[in-house]
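Structure first, commentary second.
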Amino acid sequence: MRSPHDFRNGESPTYRDRTHFHSTVAAQKLRRFHSLILLLRLASFSFSLASAVFMLTNSRGSGSPHWYDFDAFRFAFVANAIVAIYSVFEMGVCVWEFSRETTLWPEAFQVWFDFGHDQVFSYLLLSAGSAAAALARTMRGGDTCTANKAFCLQSDVAIGLGFAAFLFLAFSSCLSGFRVACFLITGSRFHL
């Protein structure tokens, strides 16, 4: 086994080079923590994908308005699609960490990557949802929603699902922030 001083240029020891001792209680806490993160990522994926699908299918024919005619609805669709793809990637990373008990990338990079991207994509969803909600409210005040109630209702559902995806991603961001704080304090992403 190599000593920690043998690693250079930011290399980290492999799984076999690390010797972790965790009690049964600590291992259960880690499993619960990983399960909670995975559940939040799954919920974020589900709601953002559903929002993107609802927005994508929101066209009622030639006389009805189309979602792609409005910039705010396009922004909401793209933001939710990006978050769905990101959530799938992060679910894979969670499963990797859960099964292998190590991060996909070096630990310092992984905790900052997760936290930074959770923050950026949370704010992306919030701004897209806010822009789409403002447009939907404006449309409701005009005669667009009077003539096309189904279009407005489906837009509202898509916007609501996008806000739900934001909430789950924001909770995931809080847990990622906790992992960053633990990493800064203890040198490990776990508080144990």
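None of the values given here were measured: they were computed from a predicted structure. Here, residue 1 is the first one in the sequence, and each next residue gets the next number.
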| request: Count the heavy atoms of every other residue, nucleotide or ligand shown that sit under 6.0 Å from CZ of F163, and state whether that count exceeds 12. | output: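 Count over threshold, so yes.
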| task | Check the surroundings of atom CG in D69: do more than 12 heavy atoms from other residues, nucleotides or ligands lie under 6.0 Å from it? | result | yes
Without hydrogens or angle criteria, can the side chains of [X] and [Y] be said to hold a donor-acceptor pair below 3.5 Å?
{"X": "D118", "Y": "S176", "result": "yes"}
{"X": "S87", "Y": "R41", "result": "no"}
{"X": "S51", "Y": "N80", "result": "yes"}

Spatial distance of atom [atom1] ([X]) from atom [atom2] ([Y]) [nearest 0.5 Å]:
{"X": "L167", "Y": "S172", "atom1": "CG", "atom2": "OG", "answer": "12.5 Å"}
{"X": "L161", "Y": "F166", "atom1": "CG", "atom2": "CZ", "answer": "15.0 Å"}
{"X": "F168", "Y": "S173", "atom1": "CZ", "atom2": "OG", "answer": "15.0 Å"}
{"X": "M139", "Y": "D156", "atom1": "CE", "atom2": "CG", "answer": "9.0 Å"}
{"X": "L169", "Y": "E90", "atom1": "CG", "atom2": "CD", "answer": "9.5 Å"}
{"X": "S99", "Y": "H34", "atom1": "OG", "atom2": "NE2", "answer": "10.0 Å"}

| For Y123, all residues meeting ring pair (Phe, Tyr, Trp, His ring centres under 6.0 Å), sequence neighbours excluded | none
Common cluster, [X]/[Y], ILVMFWY with side-chain heavy-atom separation under 4.5 Å:
{"X": "Y68", "Y": "F151", "answer": "yes"}
{"X": "F75", "Y": "Y86", "answer": "yes"}
{"X": "F121", "Y": "L40", "answer": "no"}
{"X": "L125", "Y": "F47", "answer": "no"}
{"X": "I37", "Y": "F171", "answer": "yes"}

| query | Mind checking who shares a hydrophobic cluster with L184, ILVMFWY linked at side-chain heavy-atom distances under 4.5 Å? | reply |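 Cluster partners of L184: V111, W112, F115, V180, F183.
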| Co-members of L49 in a cluster of I, L, V, M, F, W and Y side chains, linked at under 4.5 Å | L38, L42, F45, V53, V88, M91, V95
| field | Residues forming a side chain to side chain contact (heavy atoms under 4.5 Å, CB included) with V78, sequence neighbours excluded | value | I82
Give a yes or no answer on whether the side chain of [X] reaches the backbone of [Y] with a donor-acceptor pair at less than 3.5 Å.
{"X": "S130", "Y": "L126", "result": "yes"}
{"X": "T138", "Y": "A134", "result": "yes"}
{"X": "W67", "Y": "N58", "result": "no"}

| message | I'd like to check the side-chain hydrogen bond (donor to acceptor under 3.5 Å, both in side chains) partners of Q154; sequence neighbours left out, ordered by chain and number. | response |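 Partners of Q154 by the side-chain hydrogen bond (donor to acceptor under 3.5 Å, both in side chains) criterion, ordered by chain and then number, come out as T57, R60.
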| message | Under the rule for disulfide (SG to SG under 2.5 Å), what residues qualify as partners of C145, not counting sequence neighbours? | response |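 With neighbours one apart ignored, the set is C152.
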How close do [X] and [Y] get, heavy atom to heavy atom, and via which atoms?
{"X": "A79", "Y": "A128", "answer": "CB-CB, 3.6 Å"}
{"X": "I159", "Y": "A132", "answer": "CD1-O, 3.4 Å"}
{"X": "A52", "Y": "F77", "answer": "O-CD1, 3.4 Å"}

| task | Determine, stepwise, if the pair E97 / R179 fulfils salt bridge (Lys or Arg N to Asp or Glu O under 4.0 Å). | result | CA-CA 13 Å; E97 285 183 29; R179 288 172 63 171; 3.0 Å; yes
